[in-house]
Amino acid sequence: MNLPNPLIPGFNPDPSIVKVGGDYYLATSTFEYLPGIPVYHSTDLVSWTRIGHVVDREGQLDSRDVPTLGGAWAPTIRFHDGLFYVAVTDAMARGTLVFTAKDPAGPWSDGLAIEGAIGIDQDLAWDEDGTAFMTYSGLDTVTGTINEHGGILQVRVDLEAGKALEEPRSVWSGTGLMFPEAPHLYKRGDYWYLMIAEGGTERGHSVSIARGTSPAGPFESNPANPILSARSTDRPIQNTGHGDLVETPDGGWAMVLLGMRPKGMTRAFSALGRETFITPVTWEDGWPVAEPVILNPREGGNAFEDDFADAELDGGWIAVRRFPGAFASTEKVPGRLTLTSDGTSLDDARPAFLGRRQQSQVETIAALMDAGENGSGGLAVRYDEAHHYSIETDGTTVTARARISSIEQAWTRPAPGGPLELRIETREPNPDNAIGSLSSDTIALQAVINGEPVTLAELDGRYLSAETAASFTGRVAGVFASSGTVSFDWFRSEGREPR
């Protein structure tokens, strides 16, 4: 198979996949963004469509007050006895949750908290008699330390009562690398296989596997571990790990996993964060052998346009720690997107910011905005509340602003009256510039004045990267309101991969 990579571009980390008949369903982490846990569908492992979200209403996740990095961590999607399951960590909030649905497009249940299974990266598997096993990492999400039981833990669980049926037991601690996590348990032939991630989700990320004759172990480690890692290589896709195995349509096997595409002369900055990739897997002597993850971008670019004609927002729009409907509407003024500020800014935990995942290394977003009588807002590229670039107008002035941790700078000029087109261009860095060649990209903040784009600021993109912001997400670009009510006639994005 000619598999595209990234398989699902942009902020789509911790992928988990399940095959049901001829259909594939894949879910990824969303952390503090809502709606949460997108579900993608494919019939060929090549073309994917987002069909819904597990978390699409209040009460399913307790995301309102989670810190940056909190929220929905590492879902596992599975199918058993006519029902779809998603096990996930609601980090720094409700804890271990299991959602169910008859249709993976939704609606999903409110989420059942599982007592007695404290950790992260929960996996679900069932043995031949229907006993449910929850396997997870004993990492404490508050202290960042490994549970006293050690490594990868497991319990039998009652998925109707929402509780563990026994004390957690340690089933494997991996090969000795830090942070054994992301377990997935599979039955193939005579063996149960326990696959995990090790080495942390940074450059040392890797995949290791063990096997045993029982889902509860004991498990013997594969002598060839790790079976996949990009550490200490010059491969364009780094941080590869957190994998999930699946059978392919042609009867083979593949692994979906997360990875990053660092840029710059030292390949140190990953603008798009952790994305979903795929790689072929073969079996030798009863063990899976994963091929290195190859960069294979889809041909052509990607484009999106929203004229806000529909009553419901497109499902690709996401917001921070609250649902878009809390401040965004396409019905208040038909044919326009209206954002109403509650006095928050991009520096706050719950800004009136509506964004989409940046999917390409080179991308331009644009919107036609009307500030009205007392509003202000514009376009922004966001990593978190301490790392964002924006261009906004209040109808009188237009201001470009950069926030990098505790440092903030602004550039202002007069604005013409009436609606104003704003643009943010993500460009390849200038290789002839010593500083520029180190960066992931350059970001230009622009306003279209008298028919011509005027650049107010051109900024170093590496400060909006996973390594600098230290966030688990990725770049999200979109529109925001900082005061009053503002409206947008349209929004456009167009992206491509570097030449």
Side-chain angles (χ1 to χ4, degrees), residues 303-314 316-317 319 324-348 351-356 358 363-382 388-403 408-427 443-459 476-495:
F304 171 79
E305 182 171 353
D306 200 335
D307 60 6
F308 307 115
D310 296 333
E312 291 188 7
L313 279 170
D314 176 82
W317 291 107
F327 59 89
S329 172
T330 54
E331 295 181 292
K332 185 176 293 186
V333 180
R336 285 188 172 187
L337 171 67
T338 300
L339 303 185
T340 302
S341 171
D342 56 4
T344 58
S345 73
L346 292 170
D347 297 339
D348 293 309
F353 169 77
L354 188 67
R356 305 182 68 83
Q358 182 175 327
E363 184 173 86
T364 296
I365 65 169
L368 183 62
M369 184 192 133
D370 187 346
E373 294 183 0
N374 63 348
S376 61
L379 290 181
V381 178
R382 180 187 189 275
H388 48 80
Y389 296 162
S390 62
I391 177 96
E392 68 175 296
T393 183
D394 60 4
T396 302
T397 61
V398 58
T399 302
R401 184 173 286 108
R403 168 75 188 275
E408 186 172 10
Q409 188 170 351
W411 301 261
T412 301
R413 61 158 292 156
L420 182 64
E421 180 180 342
L422 303 173
R423 292 183 187 175
I424 298 180
E425 290 188 356
T426 300
R427 304 167 176 168
I443 300 176
L445 307 176
Q446 301 178 328
V448 178
I449 297 175
N450 297 324
E452 296 294 330
V454 176
T455 299
L456 277 75
E458 192 167 297
L459 306 170
V476 178
V479 295
F480 70 97
S482 52
S483 67
T485 297
V486 299
S487 62
F488 298 84
D489 280 29
W490 49 260
F491 174 91
R492 298 171 187 153
S493 67
E494 186 173 359

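Every heavy atom of this structure was used, including side-chain atoms; hydrogens, water molecules and symmetry mates were not.
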**Message:** For Arg423 versus Val448, what's the shortest heavy-atom pair and its separation?
**Reply:** NE-CG2, 3.6 Å

**Item:** Taking every non-hydrogen atom, the tightest pair across Arg382 and His388
**Value:** CA-CB, 4.0 Å

**Complete:** One should read off an interatomic distance between Leu456 CG and Ile391 CD1, to the nearest 0.5 angstrom, of 4.5 Å

**Asked** Going by atom types only, do Ser482 and Ser376 share a side-chain donor-acceptor pair under 3.5 Å?
**Response** yes

**Where Leu368 and Glu421 come nearest, the two heavy atoms and their spacing** = CD1-N, 3.7 Å

**Item:** Residues Thr330, Leu313; criterion side-chain contact (heavy atoms from CB on, under 4.5 Å); working and verdict
**Value:** CA-CA 7 Å; Thr330 54; Leu313 279 170; 3.8 Å; yes

**Prompt:** If you measure only the distance, is there a donor-acceptor pair under 3.5 Å linking the side chains of Thr399 and Thr412?
**Reply:** yes

**Message:** I need the Tyr389 OH to Thr426 OG1 distance, nearest 0.5 Å.
**Reply:** 10.5 Å

**Prompt:** What's the verdict on salt bridge (charged side-chain N to carboxylate O under 4.0 Å, His left out) for Glu305 and Arg492, showing C-alpha distance, side-chain angles and the deciding distance?
**Reply:** CA-CA 4 Å; Glu305 182 171 353; Arg492 298 171 187 153; 3.4 Å; yes

**Asked** Sub-3.5 Å donor-acceptor pair from the side chain of Thr397 to the main-chain atoms of Arg413, do we have one?
**Response** no

**Message:** Could you report the tightest heavy-atom contact between Ile365 and Ala477, atom names first, then the distance?
**Reply:** CD1-CB, 3.8 Å

**Request:** Compare every heavy atom of Thr344 with every heavy atom of Pro351, then report the nearest pair and how far apart it is.
**Result:** CA-OG1, 3.5 Å

**Request:** Apply side-chain contact (heavy atoms from CB on, under 4.5 Å) to the pair Asp347 and Arg403, showing each step before the final yes or no.
**Result:** CA-CA 8 Å; Asp347 297 339; Arg403 168 75 188 275; 2.9 Å; yes

**Spacing of CZ belonging to Arg401 relative to CG belonging to Leu346, to within rounding of 0.5 Å** = 8.5 Å

**Request:** To the nearest 0.5 Å, tell me how far Leu379 CG sits from Leu422 CG.
**Result:** 5.0 Å

**Prompt:** Between atom CD1 of Ile424 and atom OG of Ser493, what is the distance when rounded to the nearest 0.5 Å?
**Reply:** 12.0 Å

**Message:** Please find the pair of heavy atoms, one from Leu339 and one from Ala352, that lie closest to each other, and give the distance.
**Reply:** CD1-O, 4.1 Å

**Asked** Is there a side-chain contact (heavy atoms from CB on, under 4.5 Å) between Phe308 and Arg336 once you walk through the steps?
**Response** CA-CA 5 Å; Phe308 307 115; Arg336 285 188 172 187; 5.7 Å; no

**Asked** Does any non-hydrogen side-chain atom of Thr393 lie less than 4.5 Å from one of Met369?
**Response** yes

**Message:** Just by distance, no angles: are the side chains of Gln446 and Thr455 close enough, under 3.5 Å, to form a donor-acceptor pair?
**Reply:** yes

**Item:** Spacing of Thr338 atom OG1 and Phe488 atom CZ [to the nearest 0.5 Å]
**Value:** 9.5 Å

**Prompt:** Who passes ring pair (Phe, Tyr, Trp, His ring centres under 6.0 Å) against Phe491, sequence neighbours left out?
**Reply:** Trp317

**Message:** Atom CD of residue position Glu425 - does it have more than 12 heavy atoms of other residues, nucleotides or ligands inside 6.0 Å?
**Reply:** yes

**Check against side-chain contact (heavy atoms from CB on, under 4.5 Å), Leu354 and Phe327** = CA-CA 9 Å; Leu354 188 67; Phe327 59 89; 4.2 Å; yes

**Message:** Less than 4.5 Å apart, side chain to side chain, heavy atoms only: is that true for Ile449 and Pro416?
**Reply:** yes

**Prompt:** Within a radius of less than 6.0 Å around CD of Glu312, do more than 12 heavy atoms belonging to other residues, nucleotides or ligands occur?
**Reply:** no

